[in-house]
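Presented below is the structure to which this report refers.
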Amino acid sequence: MSDEVESETEIPEQVQIRRNKRQAILDSGAQAYPVSLPITASIAQLRAEHGHLDAEAATGITVGIAGRVIFSRNTGKLAFATLSAGGGETIQAMVSLGQVGEQSLSEWKALVDLGDQVFVSGEVITSKRGELSVFVDSWSMASKSLRPLPVAHKEMNEESRVRQRYVDLIMRPEAQVMARTRVKTVSALRTSLSNREYLEIETPMLQTQPGGATARPFITHSNAFGIDLYLRIAPELFLKRAVVGGLDRVFEINRNFRNEGADSTHSPEFAMLEFYQAFADYQDMATITRELIQEAAQTVAGSLTVTHFDGSEHDLSGVWPQIDLYESLSHAVNQEVTPETSRVILEELCSSVDIKFAPSWVNGKLVEELFEHYIIPTFTGPTFVMHFPVDTSPLTRDHRSRAGVVEKWDLYVDGFELATGYSELVDPVIQRERLVEQASLGAQGDKEAMPLDEDFLRALEHGMPPSGGVGLGVDRLLMALTGQGIRETVLFPLVKPERDK
RNA sequence: GCACCGCUAGCUCAACUGGCAGAGCAGCUGACUCUUAAUCAGCGGGUUGGGGGUUCAAGUCCCUCGCGGUGCACCA
């Protein structure tokens, strides 16, 4: 009992007052959380149907609507409230003494707070100032809110917005837009791939060994099997197994998990689209990828020029330029850089621009570091970077005519890597050599190197058709379409738990 | 992981060199029948992220823990 009293004293004043109001509603015989309400219209419908009425219009139409009170203006005998629906549409409720009577008006003023969900019934009219309104005949509480909303005209800090996304969605139309844009984007990707005869399949998230990328996995444990399992870092090796089996065009949109640092462009769990097509190469995949992104932009923005939340416009139309990694780097450093360029020269080039590197890094990694330093900042629109070093791309086919590079591209948009595509390596002998090499790196302590997946190699030994493959970050596509950080594109990003509060 | 910065009322933020913890919005009471972040008058609301220390005195200085931000490292 004393616990009860103690916890009561810790409740903020405003929450206690709202609890008291909830109790007052119940004590009056009314409900604070009714199970159903006689709703006849949505706020969005009323906006669409009556949004263009002149001031002081009366429609003669009576509706019942529910919405969240986001502004409240009470005068002596006439109370105004702005009601909000989920999608950001609003309508005004007018509660007058003449229409509802003294008791109902005084209860409205005493019991309705900002943030409450209320139901109002009345005629659709416009006010003297032309505001679309419901002139209330009767009202009731739809759901009493016990917590005050934040100030409407100041930005909540980012942490609060992320931790309490429900409040963010109430307060900020951009949060609603983002959630809806994400749905449209993912739906557009599925439609575009389906139109190209792709099959959406689901591959294991719990894997007995991680593969398909170089990244540290999350580890969990199976009690039934008595072994550790890994949350997948990529679906690649399973999608390729499917292609071996004759599912010629497959894709998966789902979560990957990587046990690494988190920042504005990296989240421990992130949504990824991977797709593979038999008898296609990396150029075919670049074309499809561009079309997927353009079709998504068209669906979301209605245009190939997307407008970011900050108002800036970004043109995604046309055919995007392809630049060659080694050629562009050679040009930038005024000296020929090729896959044969010596270690000494690469290290000198890195040191000259303060790029830190580890002795364990392969030459190709140094080249990629140099490329990121010199070339990526110069991109102005979507750009394909072509032909990466062999030693950093173990799952990729060697270039058909150039030594030391692979048939791989990275697509950069807004300065970050949005997608990567390949002519997949399907020769099981070469694939085995590459994976064994990676596994031996693992034995030397490189935690991101892949263990050998014998079953995947066995699948390849059954003959995988020459294929193109692409990985595309769904969160990053949202970033490209909206200009927001990854934590804004994900509705509920992973955050450390709150404590002592 | 390392470095730096931050954490004060429900929310957004002040508080000089260590010297009585404040404002706006929100809330409460009252006034007001066309408001638009309504207005006017009055009032309440704080374990200054948690713990420890220095000091006559700590929001402020020191130690430590938690959470966040930025940069670096790693990665998509």
Side-chain angles (χ1 to χ4, degrees), chain A residues 9-18 20-21 55-56 70-82 90 92-100 105 109-110 113-115 125-133 135 145-164 167 171 212-216 233-234 256-274 354-358 361 365 368-369 372 410-412 416-420 446-448 471-477 479 485-487 495-501:
Chain A
T9 62
E10 288 169 12
I11 293 171
E13 178 194 33
Q14 296 196 39
V15 174
Q16 187 56 54
I17 287 166
R18 284 164 179 250
N20 294 344
K21 291 179 179 180
E56 293 194 82
I70 57 169
F71 293 117
S72 174
R73 301 170 291 277
N74 293 339
T75 67
K77 299 183 178 63
L78 179 61
F80 301 88
T82 304
T90 62
Q92 179 169 263
M94 295 170 61
V95 186
S96 76
L97 176 65
Q99 193 69 15
V100 302
L105 177 65
K109 290 202 275 188
D113 286 308
L114 291 181
I125 63 161
T126 52
S127 70
K128 281 183 182 170
R129 300 282 175 89
E131 188 73 39
L132 184 64
S133 306
F135 194 62
S145 168
L146 297 185
R147 288 186 181 269
L149 291 174
V151 178
H153 305 282
K154 294 272 191 177
E155 280 267 289
M156 258 196 308
N157 66 49
E158 185 191 328
E159 184 184 356
S160 301
R161 285 196 278 114
V162 167
R163 282 190 190 278
Q164 302 181 48
V167 176
M171 301 305 296
T214 52
R216 297 179 69 176
I233 55 176
N256 292 334
F257 306 88
R258 298 189 182 177
N259 206 342
E260 289 163 352
D263 61 27
S264 62
T265 58
H266 297 84
S267 178
E269 55 175 323
F270 63 100
M272 183 103 172
L273 162 66
E274 284 199 16
D354 286 334
I355 295 172
K356 292 177 210 141
F357 54 87
W361 290 9
K365 179 136 181 161
E368 288 184 17
E369 291 290 322
E372 284 178 26
D410 270 3
L411 172 62
Y412 280 85
F416 57 82
E417 190 185 331
L418 174 57
T420 181
D446 182 345
K447 293 191 173 85
E448 289 172 2
L472 181 151
V474 173
D475 310 302
R476 291 188 164 196
L477 177 53
M479 291 164 64
I486 196 168
R487 274 183 297 251
V495 286
K496 287 194 183 179
E498 298 171 276
R499 278 211 203 169
D500 296 329
K501 194 125 198 222

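Because the structure is a prediction, the values reported are computed rather than measured. Reminder, nothing fancy here: chain letters follow the sequence lines and each chain counts from 1.
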Return the nearest nucleotide to the side chain of A:Arg163; candidates are B:rC67, B:rA37, B:rC75.
B:rC67

Distance check, C1' atoms only: B:rC4 and B:rA73, in whole angstrom units.
15 Å

The side chain of A:Glu131 is closest to which nucleotide in this list: B:rC75, B:rC74, B:rU36?
B:rU36

Testing A:Lys21, A:Gln16, A:Arg18, A:Gln14 one by one against A:Leu146 for a side chain to side chain contact (heavy atoms under 4.5 Å, CB included), which residue passes?
A:Arg18

Could you measure between the two P atoms, the one in B:rA9 and the one in B:rG46, and give it in whole Å?
11 Å

Gap in Å between the two P atoms, one belonging to B:rC61 and one to B:rG42, rounded
37 Å

Using the C1' atoms only, state how far B:rG45 lies from B:rC11, rounded to an integer number of Å.
14 Å

Stems formed with participation of RNA chain B [Watson-Crick or G-U wobble, under 3.5 Å, three or more pairs]:
B:1-7 with B:66-72, B:10-13 with B:22-25, B:27-31 with B:39-43, B:49-53 with B:61-65

In whole angstroms, the gap separating P of B:rA37 from CD of A:Glu155 amounts to 17 Å

Say we look at B:rA38 and B:rC28: how far apart would their P atoms be, to the nearest angstrom?
15 Å

Roughly how many Å apart are B:rC72 and B:rA21, using the P atom of each and rounding to a whole number?
42 Å

Hey, which sits more toward the 5' end of RNA chain B by its nearest nucleotide, A:Glu269 or A:Met156?
A:Met156

Whether A:Phe270 stacks on the six-membered ring of B:rA76 base, 5.5 Å and 30° limits:
yes

Is there a donor-acceptor pair closer than 3.5 Å between any side-chain N or O of A:Lys109 and the backbone N or O of A:Gly76?
yes

B:rG69, OP1 or OP2 - any side-chain N/O from A:Arg487 closer than 4.0 Å?
yes

For A:Gln164 and B:rG10, what is the distance between atoms CD and C1' respectively, to the nearest whole Å?
11 Å

Can you build the contact string for nucleotides 22-33 of chain B? Use B for base contact, S for sugar-phosphate-only contact, and - for no protein heavy atom under 4.0 Å.
--BBBSS---BB

C1' atoms of B:rG66 and B:rC20, separation to the nearest Å:
31 Å

Integer-rounded Å distance: B:rG10 C1' and A:Arg161 CZ:
18 Å

Please determine whether a side-chain nitrogen or oxygen atom of A:Asn157 lies at a distance below 4.0 Å from atom OP1 or OP2 of B:rU12.
yes

Separation of the C1' atoms in B:rC32 and B:rU17, to the nearest angstrom
50 Å

